[in-house]
Structures are given as C-alpha cells and as structure tokens.
2 protein chains.
Amino acid sequence: MAPTPQPATQPATPPAPHRAKGRPRSAAADRAILDATREALAELGWGGLTMGDVAVRAGVAKTTLYRRWPSKNELVVDAVASLFDELEIADRGSLRADIADVVAQFADLLARPESQAALLALFAEGSRDPQLRRRIREHIVDPQKRLVHEGLAHAVARGEVPADGDATAIAEQIDIIFDTIAGAVEHRMLVIGEPADPVWINRFIDLLLNQGLVSGCPGC
Amino acid sequence: MAPTPQPATQPATPPAPHRAKGRPRSAAADRAILDATREALAELGWGGLTMGDVAVRAGVAKTTLYRRWPSKNELVVDAVASLFDELEIADRGSLRADIADVVAQFADLLARPESQAALLALFAEGSRDPQLRRRIREHIVDPQKRLVHEGLAHAVARGEVPADGDATAIAEQIDIIFDTIAGAVEHRMLVIGEPADPVWINRFIDLLLNQGLVSGCPGC
DNA sequence: GAGATACGCTACGACCTGTAGCGAATAGAG
DNA sequence: CTCTATTCGCTACAGGTCGTAGCGTATCTC
C-alpha cells in the first residue's frame, strides 16, 4: 500500500511503481501527508477530515495529494494500514510468550489515539466495499495471523507442540484463538475505551490456553 | 434515544419530550426517517449518506429532519441505537444456553447489512466523543451485559452456580467472558466479514466455559 | 375560533470535493 | 548544456452537501 502511481499509465507490476524519467516524487511529502492524515484523523475523525486540511498540515498543495491518491478514502486506507507495518514476531521461548508478545503489540497499536477512529472508520468502509475488505485482510489481518503461525512453527521446532498432531487442526485453532483475542482487544479498546494492559492480556491467554474461566476444568 | 426535542426550550426532563400545544409531530415521520436512515446507511455507508437522500426516501422535507435531530451525526446514532432495543433474555434452562441465546441475538443483529457500517462508524465517532461513548455504553453495551447478568441470576436460582462463591468475582468473570465473545463476534462479522453461525458460537462457548482450546486441560 | 406548532417548499451562504491550467523546479537522456 | 518528462505550488472552478431562514398551509389544544 505504498503511494500508488496515479498517472494514467498503470504499470500493473509492483516492482517499479513509476518510471524514473522526470522529476521524482518527494518522499518527504509522502511521509508528511501520511503523518498529517493520521494526525487529522485523531483530531477530527473520518467525517471531519478534509483534504484541504491535510494538505495544510503536511505543508503541500492539495493537488499533490490527488497526484498520489485518487480520493480521501484511499488516502486514509494507506495512512492506517501503514501503522501495521511495524508488527514483528520475536522468538521469546514459548508459544504462549510469542502470542502474548504479538497481542501486546496489537494492544499498543490500538492504544494510539490516531488508530482508533481511523481503524474503525476503515472497517466501516470495508463492510461495504469487498475490495477494500480484501485489502484490509491482506495488509492488517493476515500479517497478524502470519505472526502467530510463525510463532507456532517455533513451538513445533521447540517440541512444545507435537508435529505429528493434526497440524491443520492446530493451525485452525490458532486462527480461532487469534480471532478471539484480537476481537477482545479491539472490543476493549475501540468499543469500551479502556486499555488492554499486560495483566488483562495475561488473564485472557490463561483463559484461552489453559482452562475455562468460570469453574476451572469442570469436564476434567 | 427517542427523537429529541430540538426546539430552543430544552425540557431536560425525559418524560414529556415536547409540550402538547400546537400540531404534534408525526410519529409516522419518525419511523420513516429512522427506517430510511438505516436503509441508506446499508446502501451508501456513513460517508455516502446525505440528509437530502434520507428525506427523499422517508418522503418528508429535509427541514423535518432538522426539526428532530441537530445533525447527521445524531440522527445516525439514534437510528443505530434503536436496533438494540430488541435484545431480550430468555430463561432457557442453563447459564450456557442463556449466554448462547444472547450471543446468537447479537450475531443476528451484526449480520444485518445496515448494522455493519453503521455500528462501526458509530464506534469510530465514539472514540473521539466521550459523551457519545457514554451513550454507546448505556444503550448498546450495558443492555447486553445486563442480559448476561440476568442469565447469571437465573443460574444462581437454579443452583447451577454457587451463590456462596465470590459473587462479584463471578460477575467480573461474566463480564470478561461477554467482552470476549462480543469482541470475537464483532471481529468475525465486522472485520473478517464472515457470519458467526451457531456452530461457531458453540465452539467459542465450549472454549470459554469448559476447556482450553489447544490441548484440552494441560494443567489439570 | 384563536393560538401554537409541524409540515412542505424554495432559496441561500458556507464548506468540501475533485479537476484544470499555469509557470517554476528538478530529474535523466542525448 | 539542452531537451524532455514529470512534479510542485498556486489559483480558479463546477458540483454537491450541510444546515438555516422564510413563507404559506395543515393540524392540534384551549
């Protein structure tokens, strides 16, 4: 989701976004625009954000925005999606710790004021636009799930999880666990408005990995 | 969240919204406007919705909208919040069944096309507006949690849950369970875009009430 | 019937979107 | 160094939307 080449000739191949003939686009302007967009989004929300305001904040002309993004919608998508580029997986010694680490990163991301209105508005648009939903899955959801799957691979390498056990079933379970935790973190931050602190995160992972919440292990 | 009295004199007391002196406001117009708003929301999303369009769909003048709601924002909030008035608790014989019932109602609500963009956009606005967030908690979140608490009271009456056990702790656990399931349902419907069918719901409640997902009860 | 209010209609100013045209600036190619 | 292509900032613009104001008419209470 780098600034897309907006001129009429669409190369269709990702490697060379725009041919280097004339004056190159200012990378500083790219960054300034995306930063200004996130800033304005945090202050004004999706509805209050205007292209003219973003241009003023970024110190560029409004036409410079439209050379890079065809509409406000696309600009906001890129500004929000770029937040998720920082997510990383670190081998912290156990499957549980790896999951906790990714969840904590996600919680930190959602704790930023610019993420909240932006991400929700992005999801709202995605609910009407299948193509946008696909981009959301590719750039936001899948990277997170990929991190957990990498963590699972580490766990198998450590012998923590039996490799002979039905691997796809375990992968599906990881998917469900991640959906659950991501949803819970989102709900807590975006709907309730309270931060998902480490204690809260630990409690959830206890619940999901070890035991039921209400009465321990009633079925055991 | 009934249509608020917009005239200058704000009674500040809920029971009598507007004094009955002149011609009363058309209740049919109220319903037509809210219905038209939800319809337009489903088709066009928050950003594409226009007051003029809603007025045309509802068959009323645009000024009639502004006599009831001060802005588009408030109108949409009311239109969305009214969806949650239908949520009910039924004593289905077990705590688990009661929870499953509420969750299924919530999932059905989120499955409606008009709910998705509307609810997310509502949450997005709430992330910037503490007063709106409070209204969301009062009219959407708390009613759901209240249902689960009522279900818990039924469970205690049935002897399913020990009343001597730390009641507040159990209530907190119920809160967390509900947050988790609500978040997961929201994530599945609003972010991923796939329905939370009964099988999926059952799987989640198994996870939350009975046993961990990955390896049964490893700590038992 | 008198008074008060809602209704539909039209018109309006302010704002935002996205586009077009201009001259100046900045890169590579010959 | 010159030529060419592209970007940049600036100004202006048409189109659409928001929310308000004014008017005559309709409908309710006293």
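Per chain, numbering begins at 1; letters A, B, ... match sequence-line order. Keep in mind it's a predicted model, so treat the numbers as computed, not measured.
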Q | Rounded interatomic separation in angstrom, taking CG from A:Asp53 and P from C:dT17 | A | 9 Å
Q) Is any side-chain N of the basic residue among B:Asp30 and B:Arg25 closer than 4.0 Å to the acidic one's carboxylate O? A) no
(Q) I need the minimum non-hydrogen distance between B:Ser127 and B:Arg133, along with the two atoms involved. (A) CA-NH2, 3.5 Å
Could you write out each protein N or O paired with an N or O of nucleotides 9-14 of chain D at a distance under 3.5 Å?
{"unit_1": "D:dG9", "atom_1": "OP2", "unit_2": "A:Ala61", "atom_2": "N", "d": "3.3"}
{"unit_1": "D:dG9", "atom_1": "OP2", "unit_2": "A:Thr64", "atom_2": "OG1", "d": "2.6"}
{"unit_1": "D:dC10", "atom_1": "N4", "unit_2": "A:Thr63", "atom_2": "OG1", "d": "3.0"}

Q: I would like to know whether A:Ser82 and A:Arg38 meet side-chain hydrogen bond (donor to acceptor under 3.5 Å, both in side chains); could you show each step before the answer?
A: CA-CA 10 Å; A:Ser82 63; A:Arg38 284 188 286 266; 2.7 Å; yes
**Q.** Working for salt bridge (Lys or Arg N to Asp or Glu O under 4.0 Å), residues A:Asp98 and A:Arg92
**A.** CA-CA 6 Å; A:Asp98 286 352; A:Arg92 301 180 77 82; 5.8 Å; no
Q: Mind checking the CG-CG spacing from B:Leu44 to B:Asp53? Nearest 0.5 Å is all I need.
A: 6.0 Å
Q) Between B:Arg68 and C:dC7, does any side-chain N or O lie under 4.0 Å from OP1 or OP2? A) yes
**Q.** Nearest-nucleotide pick for A:Tyr66, side chain only, options being C:dT17, D:dC28, D:dG19
**A.** C:dT17
**Q.** Value in whole Å for how far the P atom of D:dT7 lies from NZ of A:Lys21
**A.** 12 Å
Q: Could you check how far CG of B:Leu44 sits from P of D:dT17, rounded to whole Å?
A: 10 Å
Q.
Rounded to whole Å, how long is the line connecting atom CD of B:Glu74 with atom P of D:dG19?
A. 10 Å
Q: Given salt bridge (Lys or Arg N to Asp or Glu O under 4.0 Å), test A:Arg57 with A:Glu43 step by step and report yes or no.
A: CA-CA 12 Å; A:Arg57 287 172 191 260; A:Glu43 288 182 20; 2.9 Å; yes
Q) Touch check for A:Leu65, heavy atoms < 4.0 angstrom, all strands: base, sugar-phosphate only, or nothing? A) nothing
Q.
From CE of B:Met51 over to P of C:dA14, roughly how many Å is that when rounded to an integer?
A. 21 Å
Q: Could you tell me the separation between the CH2 atom of A:Trp69 and the P atom of C:dT19, rounded to a whole number of Å?
A: 15 Å
Q. Passes salt bridge (Lys or Arg N to Asp or Glu O under 4.0 Å), B:Glu138 versus B:Arg146? Steps please.
A. CA-CA 11 Å; B:Glu138 289 176 1; B:Arg146 182 180 49 76; over 6 Å; no
Q | Atom-pair distance (NZ on B:Lys72; P on D:dT20), nearest Å | A | 14 Å
Q: Tell whether A:Arg23 reaches the base of D:dT7 with its side chain through a donor-acceptor pair below 3.5 angstrom.
A: yes
Q: Return the nearest nucleotide to the side chain of A:Ser26; candidates are C:dC7, D:dC8, D:dC18.
A: D:dC8
